[in-house]
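One structure below.
The structure presented is a predicted model; accordingly, all values stated were derived computationally and were not measured.
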Amino acid sequence: KDEVKFFQEVDGLYSYLLKRFQRTGNCFITRSEILRCGPQSIRKADILDASIDNLIYQGKILKYFHGGRRYFRLNNFPHLF
């Protein structure tokens, strides 16, 4: 049950990132923005971090650091870079 819920949270985060990209055209996002604006189910830091780690492991997002902030980029759109 917990594993199913976790993967639902991971899928929810990925879906949010894709929809945000379609809406804004920006495939970069900060962790703090996800905590503020992302799906309600992942707005706790430990759940968000585990979901992000899983998406990185799957190769769906990449992690960047700039100016002391963590940024994440969708990895499905290499033709944009």
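Side-chain contact between Ser32 and Arg69: present, with at least one pair of heavy atoms (C-beta onward) separated by less than 4.5 Å. Using a 4.5 Å heavy-atom cutoff, the side chains of Leu62 and Tyr71 are not in contact. Side-chain contact between Ile29 and Tyr16: present, with at least one pair of heavy atoms (C-beta onward) separated by less than 4.5 Å. Proximity of Arg70 to Asp49: side-chain heavy atoms (C-beta onward) are separated by under 4.5 Å at one or more points. Inter-residue side-chain proximity for Ile42 and Ile52 is flagged as unmet; no heavy-atom pair is nearer than 4.5 Å.
Ser51 and Leu13 make their closest contact through CB-CD2, 3.8 Å (heavy atoms, listed as atom of the first residue, atom of the second, distance). Shown here for Arg43 and Ile34, the closest heavy-atom pair between the two residues is CG-O, 4.4 Å. Across Gly12 and Pro39, no two heavy atoms sit closer than the pair O-CG, 3.6 Å.
The backbone N or O of Asp11 sits nowhere less than 3.5 Å from a side-chain atom of Ser15 that would complete a donor-acceptor pair. When atom types are taken as modelled, the side chain of Arg20 and the backbone of Asn26 share a donor-acceptor pair closer than 3.5 angstrom.
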Show your working on side chain to side chain contact (heavy atoms under 4.5 Å, CB included) between Gln58 and Val10 and close with a plain yes or no. CA-CA 11 Å; Gln58 292 183 55; Val10 171; 3.9 Å; yes

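Taken from NZ in Lys63 to CG in Asp53, the straight-line distance is 6.0 Å, to the nearest 0.5 Å. In this structure, Asn75 CG and Ile61 CD1 are separated by 9.0 Å, a value rounded to the nearest 0.5 Å. We find the CZ-CD1 distance between Phe6 and Ile47 to be 10.0 Å, quoted to the nearest 0.5 Å.
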